[in-house]
Amino acid sequence: MPSIDPIDHIDPITRDLWQVIAATDELPVGQIQRTTLLDVPLAMTRDSAGLPVVWRRSDEEAGDDVDPENILDRLPVTTGYGFVWTSLGTPSAALFPIPEYAEADRKNMSCGSIGIHVSAPRAVENFLDMGHFPYVHTDILGAEPHTEVKEYDVEVSEERDEVLATRCRFMQPRAAKSATHAMEVEYVYRVPHPFCSVLYKSCPEDENRRDVIAIFLQPVSEDRCRAHLLQSMIDSTSTITDLRRFQQTIFGQDKPILENQYPKRLPLDPRAETPIRADKSAIAYRRWLSQKGITYGVIPMAS
Amino acid sequence: MTLSLSDPAWYPIASSDDLPFRHVYQGQLLGRELAVWRADDGNVNVWENRCLHRGVRLSIGINEGAELKCQYHGWRYANRSAGCTYIPAHPADAPARRIQNKIYPVAEAFGLVWSAAQDSDNIERPFAPFPGAESGQWFPLRPMPVNAAPEDVLAGLATLAPDDRPADSLPGLALRLGDVVYFVQPVDAGRAVIRGLLPSTPADATQALRHYNEMLSKLRDRLERAAAKKPAPEPLAPAFDKVSADLATMPDIAIPRGNTIPVVVKRKWTSADGVIGFELAAREGHLPTFQPGAHIDVHLPNGLIRQYSITNGPGELMSYIIGVKQESASKGGSKVLVETVRQGDMLAISEPRNNFPLRRDATRTVLIAGGIGITPLLSMARFLDKSSLPYELHYFTRACEQVAFRGDLEALHGTVLIHTGLPRAEIGTTISTALGAWSQAQHVYVCGPSAMLESVRTTAAAQGWPDEAIHFEYFKNDKPIDDSSAFDVELARSAMTLHVPAGKTILEVMRDAGLTVPSSCEQGACGTCLTTVIEGEVDHQDVYLNDSEKAANTCMMTCVSRAKSARLVLDI
């Protein structure tokens with residue numbers, strides 16, 4: 001059987017996107033790390049200037065020493081928000097913006113990269129979802145009996161080509177590491193990339209500003225992904241370790257639920273599942289993926 | 001023999017022991033994952049292992065005894081019907097649309113649970129015990145899972161027979177070796193479970209189980225070694241059914257008109273002085289899912305239609321129990337039920353409809369019933385009971401003998417206070433104390449005579465209860481009807497335009513024009529004259545549609561409601 005290049009199975013939109021693959025700080029200089037992106041095996045390292053180098057791997061092993069100068073057939077690379085991004089096609093010039101990341105007094109941190117046996121779009125949808133807070137993040141992001149998802153607004157911004165959900169409100173017992181009592185938290189969600197979402201939530205410390213939490217999904221295969229988490233917080237008291245642990249606790253609660261979701265790819269046919277009003281953002285997200293022509297990690301609508 | 005996804009044969013899918021109290025067991029048959037659970041009433045449910053909302057496995061859900069609760073968003077599905085009864089993200093709404101998970105037929109026999117890849121609403125091949133089943137007091141062996149093709153497993157079992165006494169083939173993937181019967185559960189194309197039955201409970205059960213387990217373990221090892229040498233068969237790929245089109249488009253509010261359902265009066269009894277209980281049972285299978293607070297229309301032998309609340313608890317779908325007030329001055333509705341309908345009679349009822357939904361997100365729920373108003377509140381108390389949510393039920397009657405459903409009330413675990421024979425003034429103070437001051441997430445539900453309803457509403461309002469925390473249901477339309485408007489109705493299917501003058505209803509004008517249109521209460525309470533609106537703005541004056549249904553402007557009651565626009569186009 002002739003070998004088929006996995007790249008041929010990727011839809012052109014997905015192929016040309018920037019895709020996250022690692023936290024920049026965690027990538028060793030002059031040593032190989034391996035990963036998989038869109039079924040394509042990759043090797044990566046950093047050069048002496050600290051800049052990432054990424055290429056399609058054959059028999060390289062993790063931990064092998066490498067002189068990045070010898071790597072000629074390189075994939076495009078950029079860094080942003082503490083992470084390394086590459087592309088298997090021809091990516092646009094810039095990554096989507098998160099302007100808050102540059103504010104001087106924020107604590108910016110990566111909160112780990114966690115493998116999940118589910119497609120990247122399913123993980124995005126879970127990130128957009130408030131209804132599961134009392135059940136999955138019990139006593140942290142929600143608690144019975146406060147289960148109501150109040151009306152909120154969703155739009156697809158033409159200008160920025162992203163899904164935007166605003167006026168999202170939810171009663172939370174302990175909304176953030178720095179929260180000490182229950183409060184109604186207001187969220188804004190952005191989906192600026194088919195496999196990435198950015199969340200802005202009321203900050204317990206400063207009512208005029210918002211904490212930023214982002215999830216960048218690396219689609220490993222059609223039904224597996226790695227979640228890379230970013231926090232950009234206004235928090236003068238917690239340590240980075242505490243903040244990371246908090247976010248990892250939350251994510252550790254989501255993982256077993258996501259891995260019990262079937263089918264693992266996100267179905268785009270509106271009749272595949274049963275949406276309710278609380279799922280407005282998910283519905284907009286599914287339509288947006290459909291209209292873009294994304295077929296990787298989803299079950300496209302039968303045409 | 002190759003496995004077929006649509007093989008309708010019955011196979012064992014679990015041991016009865018796999019279903020202990022409040023557990024959910026994950027099974028699989030012909031590639032389909034199953035969530036298998038026993039409700040507190042003993043009924044075994046075999047459902048597709050997938051919540052219809054976001055596809056999370058229901059086998060990781062919580063068995064609440066009469067409902068299964070999904071781990072992801074807390075949706076509740078009812079015992080027997082797998083109908084969704086509650087969506088916590090929208091606690092004030094009754095799930096208006098029929099969200100119902102896929103269910104498979106089930107039988108429990110010989111210590112095993114059996115199912116089949118058939119449509120459980122339309123079973124083409126009912127469960128039949130294997131030949132010779134009647135001769136034994138069967139004792140199930142421990143199941144033995146094998147990673148090999150089911151047909152190879154069956155062939156392997158046959159090789160265990162001694163040369164002089166070959167195995168007897170039984171229908172399906174089953175055979176008899178001596179007096180032991182073995183079934184192969186086809187899990188998937190390359191996976192099976194051997195389930196055996198001994199003809200009687202052995203003297204030393206542990207010893208016997210160990211003996212057969214060792215024998216089957218050896219067979220498994222042999223079969224798996226052989227299977228490893230062959231290419232693995234392609235797993236079966238069952239498709240998930242699509243949800244109905246009306247469930248897929250989100251915000252539209254559909255008002256189910258529903259067909260009537262024939263029921264048998266299984267029991268009729270005097271529940272209390274002046275209250276007759278009726279148990280209405282499905283002719284076969286179970287009745288549709290209902291939510292606490294729901295009512296049914298009962299079509300009476302004299303052509304009238306009357307509404308009665310369902311008193312049942314969660315997952316009780318084999319029959320609905322209603323309470324009917326014996327009224328001397330009855331308009332002929334209750335009177336017919338009480339006087340002429342007998343045990344064994346057939347009646348027609350509507351699908352349950354809920355204008356009185358119960359929120360399950362309250363920190364405190366107060367239920368106040370007066371007289372026959374106990375019926376929907378009994379159902380609510382039972383649902384709260386099962387979910388271990390706190391509530392206080394206050395039940396007012398004029399005399400001790402008028403306390404209906406007393407045994408059912410005594411079986412509740414919450415606070416149940418029965419107030420009998422209180423003078424009017426004392427009723428007021430009792431209500432006031434029962435309500436107390438309002439705080440966040442407290443709700444009161446009231447059902448009873450209009451005087452009591454008014455008393456609860458005014459007292460609650462005076463004690464700081466906001467409107468949205470006070471819940472009640474109208475069975476009568478006591479609101480004054482404003483019939484001063486005049487407008488045109490265009491009847492789209494009848495190709496007719498009629499003028500409705502002030503002082504006349506749409507219904508009357510249609511009848512004057514020779515049309516036959518169904519109606520019953522003619523006061524906007526029963527829903528019989530529900531009509532689809534194609535164009536125009538409706539002036540709703542009924543108490544049948546709820547606020548969101550009214551706002552949707554897609555249907556109306558022609559007996560009382562009118563037009564705000566100059567013209568209405570109706571689907572008649």
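Naming convention: chains lettered A, B, ... in sequence-line order (proteins, then strands); numbering from 1 in each chain. This one's a predicted model, so the numbers in the text were calculated from it and none came from an experiment.
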Problem set entry | Test side-chain contact (heavy atoms from CB on, under 4.5 Å) applied to B/Arg54 and A/His132, step by step | CA-CA 11 Å; B/Arg54 287 287 179 82; A/His132 74 287; over 6 Å; no
Exercise. How far does CD of A/Glu273 sit from CZ of B/Arg50, to the nearest 0.5 angstrom?
Worked result: 6.0 Å
Problem set entry | Residue part contacting chain B, namely of A/Glu144, when any heavy atom lies under 4.5 Å | side chain
For this session: Please step through side-chain hydrogen bond (donor to acceptor under 3.5 Å, both in side chains) for the pair A/Asn126 and B/Tyr72, ending with a clear verdict.
Result: CA-CA 10 Å; A/Asn126 177 69; B/Tyr72 198 7; 2.5 Å; yes
Problem set entry | Neighbour count above 12 (heavy atom, 6.0 Å) for B/Arg364 CZ | yes
For this session: Check B/Val243 against A/Ala272 and note the closest heavy-atom contact, atom names and distance.
Result: CG1-O, 4.4 Å
Exercise. What's the spacing between B/Cys70 SG and A/Asn260 CG if we round to 0.5 Å?
Worked result: 10.0 Å
For this session: Evaluate whether atom NE2 of B/His23 has more than 12 neighbouring non-hydrogen atoms of other residues, nucleotides or ligands under 6.0 angstrom away.
Result: yes
For this session: Check side-chain hydrogen bond (donor to acceptor under 3.5 Å, both in side chains) between A/Arg287 and all other residues, then give those that pass, not counting sequence neighbours.
Result: none
Problem set entry | Most contacts with chain A, counted as non-hydrogen pairs under 4.5 angstrom, among B/Pro91, B/Ala89, B/Ala441 | B/Ala89
Problem set entry | Separation between CZ of B/Phe240 and CD1 of A/Ile299, rounded to the nearest 0.5 Å | 8.5 Å
For this session: Working to the nearest 0.5 Å, report the span between CD1 of B/Ile87 and OG1 of A/Thr274.
Result: 8.5 Å
Exercise. Which one, A/Met130, A/Lys150, A/Glu125, A/His146, leads in non-hydrogen pairs under 4.5 Å with chain B?
Worked result: A/Glu125
Exercise. Take atom NZ in A/Lys292; do more than 12 heavy atoms of anything else shown fall under 6.0 Å from it?
Worked result: yes
Problem set entry | Closest non-hydrogen atom pair between B/Gln71 and A/Tyr135, with its separation | O-CB, 3.4 Å
Exercise. Non-hydrogen atoms of chain B under 4.5 Å away: do they reach the side chain of A/Pro263, the backbone, both or neither?
Worked result: both
Exercise. Would you find more than 12 non-hydrogen atoms of other residues, nucleotides or ligands less than 6.0 Å from B/Asp467 atom CG?
Worked result: no
For this session: Decide yes or no for B/His73 and A/Asp129: does some side-chain heavy atom of the first lie under 4.5 Å from some side-chain heavy atom of the second?
Result: yes
Exercise. Quick one: which residues of residues 354-361 of chain B reach chain A at under 4.5 angstrom, heavy atoms only?
Worked result: B/Arg359, B/Asp361
